[in-house]
Asks: 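I'd like to ask you about the structure that follows.
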Amino acid sequence: DIPHLAEDDPQAAALKYVHKSPDDSKHCSGCLLIQGNDGDEWRPCGVFPGKLVSATGWCSAFAPA
Ligand code: SF4
């Protein structure tokens, strides 16, 4: 199984990643860099290879799709 990205992972912290976005209009599920399947709760992200991010998460690399 692919592990979830931890908020205290150094790369995650560098980009201020959180599992729960502070802005309801900006979620990982609406980011150009998200991968995997629509509707999955945890999905791969191009910025964090080898980890899954929360569909409701956010980081400072957010790019609106
Ligand atoms: Fe989420 Fe950031 Fe990955 Fe976009 S780049 S899917 S906001 S973790």
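Note that the coordinates shown come from a computational prediction; the quantities given were computed from them, not determined experimentally. Just so you know, ligand 1 is whichever comes first in the structure, and atom 1 is the first atom listed for that ligand.
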Asks: How are the rings of W42 and H4 set relative to one another: parallel (under 30°), tilted (30 to 60°) or perpendicular (over 60°)?
Replies: parallel
Asks: Considering all heavy atoms of both residues, which atom of H19 and which atom of L5 are nearest to each other, and what is their separation?
Replies: CE1-O, 2.9 Å
Asks: Under 2.8 Å from atom 2 (Fe) of ligand 1, which protein N/O/S atoms are there?
Replies: C59 SG
Asks: Tell me if the CD atom of Q11 is crowded by more than 12 foreign heavy atoms within 6.0 Å.
Replies: no
Asks: Using a 4.5 Å cut-off on heavy atoms from C-beta on, say whether the side chain of S29 contacts that of T56.
Replies: no
Asks: Taking the side chain as C-beta and beyond, is there a heavy-atom pair between E7 and Y17 under 4.5 Å?
Replies: yes
Asks: Contact between V53 and F48 at the side-chain level, heavy atoms closer than 4.5 Å - yes or no?
Replies: yes
